[in-house]
Amino acid sequence: MGSAANAPLPEEDALASLEERIRRAAELVTQLRAERDAAIADLDNIRKAAGGALADSQKLKQELEALRGERKQVRTRIEKLLGQMELL
């Protein structure tokens, strides 16, 4: 009878089991919140990087157009010079 007196009651076992499940659920919620926060931070960094890349792309596109315009002007000037040299 000594071991029966020390044995936990069924309600105590159920309560201990419930407490354990609640503790695990709370740990899981904490872990998931941390993962969510990390994912949000990563997304913000990616968005900033993408915005910077887009700005760089636009700048490079403008530079390319300017260089094409300059090349056209240089070509025209060289053609004029070649035409003048032919007249000599």
**Q.** Whether S57 side chain and A53 backbone form a donor-acceptor pair below 3.5 Å
**A.** no
Q. What is the distance from atom CG of L81 to atom CD of E79, rounded to the nearest 0.5 Å?
A. 10.5 Å
Q) Got a sec, which pairs hit salt bridge (charged side-chain N to carboxylate O under 4.0 Å, His left out) with one end in residues 58-70, sequence neighbours left out? A) E65-R68
Q) Between CD1 of I40 and CG of N45, what distance do you get to the nearest 0.5 Å? A) 12.0 Å
Q. Should E19 and R23 count as an ion pair when the cut-off is N to O under 4.0 Å?
A. no
Q: Output the distance between atom CD (Q58) and atom CG (D56), rounded to the nearest 0.5 Å.
A: 10.5 Å
Q | Between CG on residue D42 and CZ on residue R47, distance to nearest 0.5 Å | A | 12.0 Å
Q. Taking the hydrophobic residues Ile, Leu, Val, Met, Phe, Trp and Tyr, and joining any pair whose side-chain heavy atoms are under 4.5 Å apart, which ones share a cluster with L32?
A. L28
Q) Any chance CZ of R33 has more than 12 other-residue heavy atoms, nucleotides or ligands included, within less than 6.0 Å? A) no
(Q) Applying side chain to side chain donor-acceptor pair (under 3.5 Å), can you list everything that pairs with E35, at least two apart in sequence or on another chain? (A) Q31
Q | Test item: T30 side-chain N/O and A26 main-chain N/O as donor-acceptor pair under 3.5 Å | A | yes
**Q.** Within-4.5 Å side-chain heavy-atom neighbours: L18 and R21
**A.** yes
